[in-house]
2 protein chains.
Amino acid sequence: MGATKTDHFSDSQNELAILTKALGHPARIAIIEYLLKVESCICGDIVNELPLAQPTVSQHLKELKNAGLIKGNVEGAAICYCINETGFDKVKAFFKLVNSHLDDKRIQCC
Amino acid sequence: MGATKTDHFSDSQNELAILTKALGHPARIAIIEYLLKVESCICGDIVNELPLAQPTVSQHLKELKNAGLIKGNVEGAAICYCINETGFDKVKAFFKLVNSHLDDKRIQCC
DNA sequence: TTATTATATTGCAATATTACGATATAATTT
DNA sequence: AAATTATATCGTAATATTGCAATATAATAA
């Protein structure tokens, strides 16, 4: 095997896993942090910012876009990227759930 | 290639990526959700809950534990698992940063 | 001591990810 | 139109992940 058994989990579990998986790489964390700082930029700016080749950055941007964490807008020959709040809202909703379970009770088995 | 170039990113970026990567699988999301619900349980309970074989569940638990998202406590022949708040606090800190960047300004390039 | 119970580890096949050179596409400039 | 600029896609090698059967380990019970 090697393929995730997505059909055995709920839609919301699969959707959340797609979002967190997209965040599960330091290059993509760096891209998100950079986009938060500069608000919006073109792919070339990120290539200059990261220690990765242009095709690699392009691939990471594609994954973040597919997951729904960023948006890309054609602007002449370039493409302008920015944060997609919709995706982040979904992840934040999960951590709201985590908080509501942990805030009041101090759960410790060890 | 195929190996992530972790040495080219900051410690905090790598650490956060380890945490989000661990959350990037529906089975591990399901385990976290279950642990939040029952507060603590043994591995066998999760095996009964998920559509995965015991070694597979054990492996997912190991990854969550290595990332710092859960704790395991030996309790006789069994091991009692529960949420590790420290790990979640680190992820929550990142989303606090995201919020602080997005809350006031409505960033949209498209 | 010999089961039994609970979990971890090993080994391996199938699949996915990461990274990048080479190349394609598409808009702009000269 | 030809060159330039900006990004995406293709192809591929190296590596990582997923899943599980078989087996090992470790504590408890009979």
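Below, chain A is the first sequence line, B the second, and so on; all start at residue 1. Computed from a prediction, not measured in an experiment: that's the story for all the values here.
Side-chain nitrogen and oxygen atoms of Y81(A) include at least one within less than 4.0 Å of the OP1 or OP2 phosphate oxygen of dA8(D). H60(B) has no side-chain polar atom (N or O) that falls below the 4.0 Å cut-off from OP1 or OP2 of dT17(D). Taking side-chain N and O atoms only, K62(B) has no distance below 4.0 Å to OP1 or OP2 of dT7(C).
Here T4(B) lies in heavy-atom contact (under 4.0 Å) with sugar-phosphate atoms only.
Of the two residues near DNA chain D, C41(A) and K5(A), the one whose nearest nucleotide lies more 5' is C41(A). Mapping E63(A) and A77(A) onto DNA chain C by nearest heavy atom places E63(A) at the nucleotide closer to the 5' end.
Distances were taken from every side-chain heavy atom of T56(B) (C-beta onward) to each of dT5(C), dT7(C), dC20(D); the shortest belongs to dC20(D). Here the nucleotide nearest the side chain of S58(A), chosen from dA8(D), dC20(C), dC20(D), is dA8(D).
Rounded to whole Å, the distance from CD1 on I31(B) to C1' on dG19(D) is 13 Å. As rounded to whole Å, 14 Å separates atom P of dT15(D) from atom CG of D7(B).
Remark: K21(B), H25(B), R28(B) in residues 9-30 of chain B come within less than 4.0 Å of DNA chain D through at least one heavy atom.
You'll find a donor-acceptor pair under 3.5 Å spanning the side chain of Q54(B) and the base of dA8(C), going by distance alone.
A 4.5 Å side-chain heavy-atom check between L19(B) and F88(B) finds every atom pair outside the cut-off.
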Working for side chain to side chain donor-acceptor pair (under 3.5 Å), residues S12(B) and E15(B): CA-CA 5 Å; S12(B) 88; E15(B) 192 181 19; over 6 Å; no
